[in-house]
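Encoded as C-alpha cells, the structure appears first; notes follow it.
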Protein chains: 2
Amino acid sequence: MRKYKISEIVVKRLPLYLRCLTYLDKMGVPTISSHELGHKLGIKPSQIRKDLAYFGEFGKQGIGYDVSYLRGEIRHILGLTEHIKVAVVGAGKLGQALSDYILLKREDFDIAAVFDRDPAKIGMEVGGVKVSPIENLKEIIQEKEIQMAIVTVPANAAQKVVNLLVDAGVRGILSFAPIAVTVPEGVRFYNVDFTMELQSLAYYLTGQGKNEY
Amino acid sequence: MRKYKISEIVVKRLPLYLRCLTYLDKMGVPTISSHELGHKLGIKPSQIRKDLAYFGEFGKQGIGYDVSYLRGEIRHILGLTEHIKVAVVGAGKLGQALSDYILLKREDFDIAAVFDRDPAKIGMEVGGVKVSPIENLKEIIQEKEIQMAIVTVPANAAQKVVNLLVDAGVRGILSFAPIAVTVPEGVRFYNVDFTMELQSLAYYLTGQGKNEY
DNA sequence: TAGGTCATGAGAAATGTTTCACAAATCGTG
DNA sequence: CACGATTTGTGAAACATTTCTCATGACCTA
C-alpha cells in the first residue's frame, strides 16, 4: 500500500503508463498484463507491478489489469481528476505550439493565460486565450488561481520570469529555457532542454557509447 | 580513467555541466570548483567529480577546474568537435521553433534537412533550409550522411516516420510525439513528451508529494 | 470439481547510484 | 620555506532502484 514517500523516478513513470493505457482504452482493449504493457514500453513487467504497488492493488491475478480502471486510478493518483489551469509565459513559436497543442487535445490541462513582453504579441490569440502583458502576470495568476506554468522565454529572461511566477504563487514550473534556474523549496521545477537531449544523443554516435549494448 | 561502460545517467548529466560551463566561459570565469558548480546546478560536488572521473582527470587539486578547458573536454567526450547534421521531420510550429532555434544558435548542430508531408509546406524555408517532401527522406538523408533526427509529427505518424529514418540510416532520434515508439537495437531513441512532464508536475500539486521535502 | 495455465503482489537478492571521507596536490602568506 | 586553507580523485559505505522468485488467487476446460 501507500508508502510514506514515493520517489520521483516512480512518479515520472506513471504518465508513461497513463499514455499507453489511454491509447489502449481508445482501441477498446479491455485488460492488459504487466508483461504486455512492459513489452510495449520497453520496461520489465516487475517494475510496472512494483511501481503500481506503491499506490494500491489494481490488478487481478491470472487476468492482469483492467485498462479503463487502471487508467482512471493513475489519473486520480496524479491529481488529473479535473482540468488543471496552466499559464504559459512566452508567446513565441514554441509557446504557441505548446499552447495550441494543449487546446487541441483538451485533456487534463487548460491554458488559462498566456503572457509575453512584446507589445506586438499582446492581444493575439494563443491556446484559445488572448496574450496578456507580463506586467499583469501576478494579478491574473492570482485571480484565476493558476498553480502551474510553462516557461518558453529566452535564457536571459528565464530566472526573472520564474521569480515572478513563484511570487505569484505558482507551485509547479516546466521550463524550456536552456539555462539553470533556481527555485525556493516547495516549488517543483522541471527543465526540458532539447539541445541537452541532442548532445547526449551525440555521445552515442561517437562510438564510445557502443559498449552499452 | 575510461571505464568499459558509462551509464546513461552519467552521459545525460554531461550536457548539464556543459551548458553551465559555456555560460561561465562567456562570463569570463577562469576556474570553478566542483562545489561552486554543484551549487549552481543543485548537484552534490562529489557527484560532479565522480562523473568527470569516468573520463579522465580534468581538475587541479586546490584550484578546481579550468572552465574553458573542461568545456572543451566535455564537448570532445560528447563528440561535439564539429557540427552534427540533423534532420527535422515535421515542419509544424514545433518543428519550426526547434529548427529556427538551432539555426539561430549555430552551436553543435546544423539543420541539414527539414521534411513534411503537407504539400503546402514544401519549399517553405525552415531552420535555414527548404522543406522537402517526406518521399525524398531516404535519398536526402543518405546523400547528406545525416545521422541524427528530430521528429515533430503527430502521434499517429511517429512510428512510420521513425521506421523511415532508421531505414535511411539514422542512429539517434529525438521524438516529441506523445506516443511509445520502438526502434531496433543500435538506434538510440529519446522521447520528450511535455504533457508527461506536466502530468508528473501535477502529482506534486496534489499534496501527496509534499512528503518529498 | 479438479488440474493446468496465467499473472499479481511482495519479500529477497542483485545491481546501480550517490555520498562520504581522506590522502595528495596546489596556492597564498608570513 | 612551512603552514593553513582549498580542492581534486578515489575507494568504501550508504542508499536507491531494479530484477528475481514464488505463494497465492483467478480463469478455463473437461
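By convention in this document, chain letters (A, B, ...) are assigned in the order of the sequence lines, proteins followed by strands, and residues within each chain are numbered from 1.
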Please determine, for the side chain of B:Ile9, which listed nucleotide (D:dT18, C:dG9, C:dT18) has the closest atom?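 Within the option list, the nearest is C:dT18.
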Any side-chain N or O of A:Arg49 under 4.0 Å from OP1/OP2 of C:dT8?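 The answer is yes; a side-chain N or O of A:Arg49 sits under 4.0 Å from OP1 or OP2.
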Would you please name every residue forming a side-chain hydrogen bond (donor to acceptor under 3.5 Å, both in side chains) with [X], sequence neighbours left out?
{"X": "A:Lys105", "answer": "A:Tyr101"}
{"X": "A:Lys138", "answer": "A:Asp167"}
{"X": "B:Asp108", "answer": "A:Gln199, B:Arg75"}

For atom [atom1] of [X] and atom [atom2] of [N], their distance in whole Å:
{"X": "A:Lys5", "N": "D:dC15", "atom1": "NZ", "atom2": "P", "value": "12 Å"}
{"X": "A:Glu57", "N": "D:dA26", "atom1": "CD", "atom2": "P", "value": "11 Å"}
{"X": "A:Ile48", "N": "C:dG9", "atom1": "CD1", "atom2": "P", "value": "12 Å"}
{"X": "B:Asp51", "N": "C:dG16", "atom1": "CG", "atom2": "C1'", "value": "13 Å"}
{"X": "B:Lys50", "N": "C:dT19", "atom1": "NZ", "atom2": "P", "value": "12 Å"}
{"X": "A:Ile6", "N": "D:dT18", "atom1": "CD1", "atom2": "C1'", "value": "16 Å"}
{"X": "A:Tyr54", "N": "C:dG9", "atom1": "OH", "atom2": "C1'", "value": "13 Å"}
{"X": "A:Lys12", "N": "D:dT17", "atom1": "NZ", "atom2": "C1'", "value": "17 Å"}

Which of these, B:Leu52, B:Ile48, B:Leu18, B:Ile43, sits in a side chain to side chain contact (heavy atoms under 4.5 Å, CB included) with B:Arg13?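 Result for side chain to side chain contact (heavy atoms under 4.5 Å, CB included) with B:Arg13: B:Ile43.
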Does the side chain of A:Thr195 pick up a donor-acceptor pair with the side chain of A:Asp193 at under 3.5 Å?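 A:Asp193 and A:Thr195 do have a side-chain donor-acceptor pair below 3.5 Å.
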Side chains of A:Gln159 and A:Asn163: donor-acceptor distance under 3.5 Å anywhere?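 Yes, A:Asn163 and A:Gln159 have a side-chain donor paired with an acceptor closer than 3.5 Å.
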Using heavy atoms and a sub-4.0 Å distance, could you list which residues of residues 16-47 of chain A are near DNA chain D? By number, please.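 Residues of residues 16-47 of chain A that come under 4.0 Å of DNA chain D are, in numerical order, A:Lys44, A:Ser46, A:Gln47.
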Which residues in residues 58-67 of chain A have a heavy atom closer than 4.0 Å to any atom of DNA chain D?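 Hits under 4.0 Å, by residue number: A:Gln61, A:Gly62, A:Ile63.
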Supply the atom-to-atom distance B:Thr206 OG1 to B:Leu201 CG, rounded to the nearest 0.5 angstrom.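 Nearest 0.5 Å value for the OG1-CG distance: 11.5 Å.
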Would A:Lys12 pass as a cation-pi partner of A:Tyr190, given that its NZ or CZ must be under 6.0 Å from the six-membered ring centre and within 45 degrees of the axis?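 Flagged: A:Lys12 positioned over aromatic ring of A:Tyr190.
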When the side chains of residues 141-149 of chain B are checked against the rest of the protein, which donor-acceptor pairs come out under 3.5 Å, sequence neighbours left out?
unit_1: B:Gln142; atom_1: NE2; unit_2: B:Ala168; atom_2: O; d: 3.4
unit_1: B:Lys144; atom_1: NZ; unit_2: B:Ala112; atom_2: O; d: 3.0
unit_1: B:Gln147; atom_1: OE1; unit_2: B:Arg171; atom_2: NE; d: 3.4
unit_1: B:Gln147; atom_1: OE1; unit_2: B:Arg171; atom_2: NH2; d: 3.1

